[in-house]
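Take a look at the structure set out below.
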There are 2 protein chains.
Amino acid sequence: MDKQQILSKNQQIIFDLIDKSSEPLKAYTILFNVQKKGIKAPLQVYRALDKLVEMGKIHKIESRNAFIACHNSSCQVSKATAFSICEICEKVTEISSVSLSKYLTNFKDKDGMKYSKYNLEFFGLCKKCR
Amino acid sequence: MDKQQILSKNQQIIFDLIDKSSEPLKAYTILFNVQKKGIKAPLQVYRALDKLVEMGKIHKIESRNAFIACHNSSCQVSKATAFSICEICEKVTEISSVSLSKYLTNFKDKDGMKYSKYNLEFFGLCKKCR
DNA sequence: TTACATAATGTTATAATATAACAATAACTA
DNA sequence: TAGTTATTGTTATATTATAACATTATGTAA
Ligand SMILES: [Zn+2]
Ligand SMILES: [Zn+2]
Ligand SMILES: [Zn+2]
Ligand SMILES: [Zn+2]
């Protein structure tokens, strides 16, 4: 799947909501907010989310079960993602560090195994909360 | 909390199960397997899991909602964790690479922010599945 | 254009994961 | 031994996610 792909109706509605949000959104928060647009069932939300993640338009923050729009054109369609998460205000930022992604993409374990994909979540306090 | 702490009854039962398992265990799998030992409710399992995670005796694999015992004495009581996950057989291994943990512990983002904690999950195919 | 394949949608029901609230007991500490 | 904190027990409920099936829309190739 390609990052510039045209979105279907439900995908577009849900992407727009996530994209304009300043914080990660949970599936049922999304559901609540798109019901006026005709999306009534959890499955409609989860299906759109799955596709958007596949396309790399959004990412899932695993530790929070929430979704944010990708703001890192170089994140390799969701194959290599890194985030910082504030443990007080829950602000999440996608990290786009070339050196970090290089380091992790090239990382080999003891057995010489290389990985096709990774997800990294950093935790700490954001500027505002320190 | 300390890694050598004495465990309570329920904590010990649940830790033993996870520790002897060759794969990550999910909370309700654990529940099913400890019912004969008198642990009957999900909350009893989740409470023990929470404490064991706090102590660093086990880790949660966020992308799988499952738990494995820590086999890395240097993983800093769950403050700095890295795993490899096979996308076919779901085998999970805790990575204990000094250079990786050094790199990530010292990683600073654009704003110079350092993080107190991280979790990294690599995905790929294990030896057997390649 | 028609037939076929694939992707997306709609809908109901249900599975899987996790926490709230309250009461009781055990273990630790001054 | 009283006070405190950690742990346990129990019921109910909240939250997150998928199964199964039917329908409609879109893309593709004769
Ligand atoms: Zn991204
Ligand atoms: Zn913050
Ligand atoms: Zn560990
Ligand atoms: Zn494997």
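Chain A is the first sequence line, chain B the second, and so forth, proteins listed ahead of strands; every chain is numbered from 1. Nothing here was measured: the structure is a model prediction, and the numbers come from that model.
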* **Test side-chain contact (heavy atoms from CB on, under 4.5 Å) applied to His71(A) and Asp19(A), step by step** => CA-CA 9 Å; His71(A) 292 300; Asp19(A) 193 42; 3.5 Å; yes
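In this entry the distance linking CG of Leu25(B) with P of dA16(C) reads 16 Å, nearest Å. Distance Leu43(B) CG to dT17(C) C1': 13 Å, rounded to the nearest Å. Atoms CG (Leu49(B)) and P (dT8(D)) sit 12 Å apart, rounded to a whole Å. dA8(C) atom P lies 13 Å from atom CD of Gln12(A), rounded to whole Å. Computed from coordinates, the Glu62(B) CD to dA17(D) P distance equals 12 Å when rounded to whole Å. The nearest whole Å value for the distance from the NZ atom in Lys9(A) to the C1' atom in dA7(C) is 14 Å. Note: CG (Leu52(A)) to P (dA8(C)) measures 10 Å, nearest angstrom. When rounded to the nearest whole Å, the span between CD1 of Ile61(B) and P of dT17(C) equals 15 Å.
Taking the 5.5 Å centre cut-off and the 30° plane limit, the aromatic side chain of Tyr28(A) is classed as stacked on dT16(D).
Among the nucleotides dT9(C), dA18(C), dT10(D), the one closest to the side chain of Lys40(B) is dT10(D). Minimum atom distance to the side chain of Lys26(B) is reached by dT17(C), of the listed dA8(C), dT17(C), dT7(D). Among the nucleotides dG10(C), dG9(D), dT16(D), the one closest to any side-chain atom of Gln44(B) is dG9(D). Relative to the side chain of Tyr46(B), the nucleotides dG10(C), dT17(C), dT11(C) differ in distance, and dT17(C) lies closest.
Side chains of Ile95(A) and Leu120(A) form no contact here, defined as non-hydrogen atoms less than 4.5 Å apart.
The aromatic rings of Phe107(A) and Phe122(B) sit parallel to each other, their planes meeting at less than 30°, with 60° as the upper class boundary.
Taking for each of Asp50(B) and Ala41(A) the nucleotide of DNA chain C with the nearest heavy atom, the 5'-most of the two is the partner of Ala41(A). If Arg64(B) and Arg47(B) are placed on DNA chain C by their nearest nucleotide, the residue sitting closer to the 5' end is Arg64(B).
Dashed line: the shortest gap from a side-chain N or O of Ser8(A) to OP1 or OP2 of dT26(D) is not under 4.0 Å.
When every heavy atom of Tyr115(A) is checked against every heavy atom of Gly124(B), the shortest pair comes out as CD2-N, 4.3 Å. Looking at every heavy atom in both residues, Tyr118(A) comes nearest to Ser101(A) through OH-CA, 3.3 Å. Here the shortest heavy-atom pairing between Gly56(B) and Cys70(B) reads O-CB, 3.4 Å.
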For nucleotides 24-30 of chain C, list the nitrogen or oxygen atoms of the protein found under 3.5 Å from its nitrogen or oxygen atoms, one pair per line.
none

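The pair Glu87(A)-Lys117(B) counts as a salt bridge, with a side-chain nitrogen and a carboxylate oxygen less than 4.0 angstrom apart.
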